[in-house]
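Working notes for the structure below.
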Amino acid sequence: MRLSWTAFTELLRCTLLGHLRNRLALVLAVAFIPLWIAVARLCTSDEVVRIWLDAIGAPLSAPASQLGQVASALGAITMVAGFITFTETFQSRQMDRRLLLAGYPRLPILLAKLAAVALTAALLALYTTILLWISLPVRHAGPLALALAGAGLAYGGIGLLLGSLVRGELEGFFLIIMLSLVDTGLQNPVFNTLMDVAGLSALPLYGVNQLALSSALTPHIPWSHGLLSLTWSAATGALALLVLHTHRASRSPRPRRTRIQAG
């Protein structure tokens, strides 16, 4: 038990240090999120848009600029969280395999990475909530922060899985960017006012998008929709553990056969 806890804390420290050394990720987190929110505010009109929210079972009427800022904040968090987690996981997976071969248990390695994803998502959500609070008349800041953290958890888990699977960084970046663009584009109420695309509820951002829009712009708080992102995070984490197990099995040294020579 003590060995597992020691392994977890040490691996968590190393993972967080890896995040801090990623200067490009830090620049994206600090500069890209407010820039993306500002672009949505400046490039979207103040015309009132009427959309339907499944989470509250009622229509919502709000200026397009406000809807666009919430949607853009979610999109920015997904890209930053996915990029940070993927980069660290991809660059450290050789070391992870060495640790597995050296006898480190698989579960503390994965739990340390998931804990780093959760901390990263929480910090990004807090920062983004403050930015939206300054720019919007936010009704419920707490639930909005939970929705933003859920978006970071979902795409952080996707980045963790892709970092364990893909062979090159370019492929991972492309998959994260394309999935984020498709997801946020379909969830954006400014572009998709009907919000009735088939399969929309199966996308990672569906639940947190409903919670974020409701919390920021209505008096309602649909807590249950925020739990959907945890499903995505749990599923990607379980798949990442399976990948670690597969690598452990495929890289384990095989016992050598000794030949007995006849006298």
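Any value given below was found using the heavy atoms of this structure, including those in side chains, with hydrogens, waters and symmetry copies removed.
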If I take atom [atom1] from residue [X] and atom [atom2] from residue [Y], how far apart are they, to the nearest 0.5 angstrom?
{"X": "H140", "Y": "L211", "atom1": "NE2", "atom2": "CG", "value": "10.5 Å"}
{"X": "T218", "Y": "L60", "atom1": "OG1", "atom2": "CG", "value": "6.5 Å"}
{"X": "F173", "Y": "M178", "atom1": "CZ", "atom2": "CE", "value": "16.0 Å"}
{"X": "I77", "Y": "L148", "atom1": "CD1", "atom2": "CG", "value": "4.5 Å"}
{"X": "R41", "Y": "L132", "atom1": "CZ", "atom2": "CG", "value": "10.5 Å"}
{"X": "S201", "Y": "N209", "atom1": "OG", "atom2": "CG", "value": "12.5 Å"}

Original post:
Excluding sequence neighbours, so at least two apart, what forms salt bridge (Lys or Arg N to Asp or Glu O under 4.0 Å) with R13?
Top reply: E10
Tell me if a side-chain donor or acceptor on [X] pairs with a main-chain N or O of [Y] at a distance below 3.5 Å.
{"X": "S180", "Y": "I176", "result": "no"}
{"X": "E88", "Y": "I84", "result": "no"}
{"X": "T89", "Y": "T85", "result": "yes"}
{"X": "Q210", "Y": "D54", "result": "yes"}

Closest heavy-atom pair and its distance - [X], [Y]:
{"X": "T129", "Y": "A141", "answer": "CG2-O, 3.8 Å"}
{"X": "F86", "Y": "E169", "answer": "CE2-O, 3.7 Å"}
{"X": "Y127", "Y": "V30", "answer": "OH-O, 2.7 Å"}
{"X": "Q187", "Y": "L205", "answer": "NE2-C, 3.9 Å"}
{"X": "V80", "Y": "F32", "answer": "CG2-CD2, 4.0 Å"}
{"X": "Q66", "Y": "L136", "answer": "CG-CD2, 3.5 Å"}

Flag side-chain contact, heavy atom, 4.5 Å: [X] against [Y]:
{"X": "I221", "Y": "R139", "answer": "no"}
{"X": "L67", "Y": "L213", "answer": "yes"}
{"X": "L144", "Y": "W133", "answer": "no"}
{"X": "H225", "Y": "S214", "answer": "no"}
{"X": "T184", "Y": "T78", "answer": "yes"}
{"X": "L186", "Y": "Y206", "answer": "no"}
{"X": "N188", "Y": "V190", "answer": "yes"}

Original post:
Under the side chain to side chain contact (heavy atoms under 4.5 Å, CB included) test, which residues partner A116, sequence neighbours left out?
Top reply: L12, T15, L16, H19
With a 4.5 Å cut-off on side-chain heavy-atom distances among I, L, V, M, F, W and Y, is there a chain of contacts connecting [X] to [Y]?
{"X": "V208", "Y": "L181", "answer": "yes"}
{"X": "I177", "Y": "L24", "answer": "yes"}
{"X": "L131", "Y": "M79", "answer": "yes"}
{"X": "L74", "Y": "W223", "answer": "no"}
{"X": "W232", "Y": "L175", "answer": "yes"}

With a cut-off of 3.5 Å and sequence neighbours excluded, list every side-chain donor-acceptor pair involving residues 150-160.
from : atom 1 : to   : atom 2 : distance (Å)
Y155 : OH     : L179 : O      : 3.4
Y155 : OH     : D183 : OD2    : 2.8

